[in-house]
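Here is the structure we will look at, set down as structure tokens.
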Amino acid sequence: MKAPQAPRGTQDILPHEQPYWDLVRSIAAGVAADYGFQRIDTPMFEETGVFERGVGEGTDIVEKEMYTFEDKGGASITLRAEGTAPVVRAYLEHGMFKLPQPVKLYYVCPIFRYERPQAGRFRQHHQFGVEALGEIDPALDAEVIELLWTLYARLDLKELSLQINSIGDEKCRPRYLDELRSYYRAHLHEVCDDDRVRFEKNPLRLLDCKVPSCQGIADRAPHSAEFLCDECREHFAGLRHGLELRGLDYHVNFRLVRGLDYYTKTVFEIWPAHGGSQSTIGGGGRYDGLAEQLGGRRTPGIGFGTGIERIILNYKQAHPEGLAPPAPDVFVIALGSAERDAAAQIATELRRAGVATASTYGDRGMGAQFKAAGNSGARFALILGPDELASGQASLKDLRSAATDGKQLAVPLSHVVAEVKAQLAS
RNA sequence: GUGGUCGUAGCUCAAUCGGCAGAGCUCUGGAUUGUGGCUCCAGCGGUUGUGGGUUCAAAUCCCAUCGACCACCCCA
């Protein structure tokens, strides 16, 4: 029988990788708390309509990337394909519009999309995201972007750039799309085949075509920011003012559009300087029409999602020295059967006192036990042999440096826990 | 979903024209029946991703399939 493999595009997060995950999750939770965001967990799956209506029927996510199945009751279920729509669904379902606004929520969760995997792109990946609902002030947009930037800064990620744009709203975007279409209509004979499809289906996407021969045409296309209505223009100015107030450098990128239908006004992405074609590390925007799309009352919102796998990728590039896995405080070494029994009792006492304690198992030689102690990364070895037991003592040895090599402290068995705690604190 | 590159031990990689599947690291034991890191010795570890085909003979050539990676599509 063939041994099974993890399904395509999924991966096991092994113990040596966990320190990176712990670090990112704890810093993310800390930043969220500093900005007044509270955690929410939504189900791993939703009624399919949450994504169809929320994200948009014409988007790639809905059209070809959802893990959708029928459950035994006949309901159409979809694995969480995106973070924002479920949070907005929960906001409406639980009447959070009755709470003081804005409601500021964050999540850390897996996302599932049926895509062709590459480095930094998976069928199951994880996102940290925030959503601030019920407020239209562009200062909130700036604060959300600042939050994301702060997360990366606390992780000391290098060479990131903030790209922003405004794609207008229901009132002014149609006018811009007409303008964009008429511009492209004159160039249809010289653009790529994909662009001709985009022209019909989703003209905004014309702007981020990567075919070299289409670049010049996209560069000279009309800018959405020049066709904004008064409200959107003021909002965009407010956003830029807010970013400047906060000392955040940004590039207005008029070719920045995003693949989800619900965005209005503000859109933004954060890019690493280097990286492949799917290197965007985080992105988001404003979605003032989403709640209504989902059948609720009109509620403005702004948020982002950032990929934890991609953050870790960038973190490792910025910190080549890596993160050490957690190590025990004390490694207990015992020689002889009675000594192993005594060592087991001491280990129990140490652990009760909150001291991380490890040992080998079975009847292993002193050399092997010291080798295991060294490999474990333990700070101290606590040695319990016939000599020690006979005198009611244990030997405590600092394993970290050669400087203390050879020196061992004799500690009465009754004082081992107190002495170890004192040594660890020093 | 499209096009391409690549799969040999847990990891990094060798293997000449198609001719006995190897090394380093890791791990285990020993040198040292009470002291880790350094050194030396030995051992464990393989259906060469999987399945088929060609051949006296396949890691090597052919087909399929699974997976990783790269460029698209698109995203985090």
Side-chain angles (χ1 to χ4, degrees), chain A residues 1-11 14 16 55 58-65 81-84 108-129 148 192-195 197-198 201-202 205 208-212 257-260 269-272 275-284 304-314 331 333-336 339 360 362-389 395-402 404-408:
Chain A
M1 187 170 62
K2 202 174 73 178
Q5 295 172 277
R8 181 171 207 193
T10 69
Q11 53 182 348
L14 298 173
H16 70 271
V55 179
T59 61
D60 276 25
I61 289 179
V62 170
E63 228 167 49
K64 55 184 195 185
E65 296 178 356
E82 188 268 337
T84 301
V108 181
C109 64
I111 304 278
F112 303 88
R113 285 180 208 159
Y114 190 84
E115 294 191 273
R116 186 123 166 208
Q118 278 175 244
R121 177 210 255 173
F122 308 96
R123 289 185 174 177
Q124 175 181 349
H125 77 277
H126 299 76
Q127 286 189 19
F128 165 64
L148 181 58
C192 64
D193 291 347
D194 283 342
D195 273 357
V197 176
R198 293 184 181 111
K201 231 181 71 179
N202 193 346
R205 299 227 65 89
D208 73 344
C209 181
K210 293 181 190 71
V211 174
V257 297
R258 291 183 51 80
L260 287 69
E269 291 187 358
I270 292 182
W271 296 349
S277 56
Q278 64 289 321
S279 59
T280 297
I281 184 167
F304 66 75
T306 180
I308 297 184
E309 286 84 353
R310 289 184 185 177
I311 291 176
I312 291 174
L313 219 55
N314 280 273
F331 203 98
I333 291 173
L335 203 66
E339 290 78 1
T360 59
D363 187 13
R364 301 231 281 161
M366 183 73 50
Q369 294 192 57
F370 263 96
K371 190 170 184 182
N375 286 343
S376 77
R379 166 117 181 247
F380 292 105
L382 187 73
I383 303 115
L384 210 62
D387 295 349
E388 283 86 356
L389 207 58
S395 298
L396 190 63
K397 178 174 177 175
D398 192 326
L399 291 173
R400 287 179 313 173
S401 62
T404 57
D405 199 26
K407 289 182 197 153
Q408 294 184 179

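The analysis underlying the following values was restricted to heavy atoms, covering all of them including side chains, and did not include hydrogens, waters or symmetry mates. Each chain gets a letter, A, B and so on, in the order its sequence line appears, and its residues count up from 1.
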Mind checking [X] for me? I need base, sugar-phosphate or nothing, with any heavy atom below 4.0 Å counting as a touch.
X: A:F122; result: base
X: A:R198; result: sugar-phosphate
X: A:G336; result: nothing
X: A:R113; result: base
X: A:E65; result: sugar-phosphate

[X] side chain: which of [options] is closest?
X: A:A368; options: B:G29, B:G67, B:C72; result: B:G29
X: A:R205; options: B:G36, B:A76, B:C74; result: B:C74
X: A:R364; options: B:A76, B:G29, B:U35; result: B:G29

Along RNA chain B (nearest heavy atom to each residue), the more 5'-positioned of A:D60 and A:A6: A:A6

Earlier contact from the 5' end, RNA chain B, for A:K64 and A:R8: A:R8

Within residues 380-389 of chain A, residues whose heavy atoms come under 4.0 Å of RNA chain B: A:I383, A:G385, A:P386, A:D387, A:E388

How many Å lie between [atom1] on [X] and [atom2] on [N], as a whole number?
X: A:L335; N: B:U33; atom1: CG; atom2: C1'; value: 8 Å
X: A:R116; N: B:C66; atom1: CZ; atom2: P; value: 11 Å
X: A:K371; N: B:G29; atom1: NZ; atom2: P; value: 8 Å

Any N/O donor-acceptor pair, A:Q408 side-chain to B:U35 base, under 3.5 Å: yes

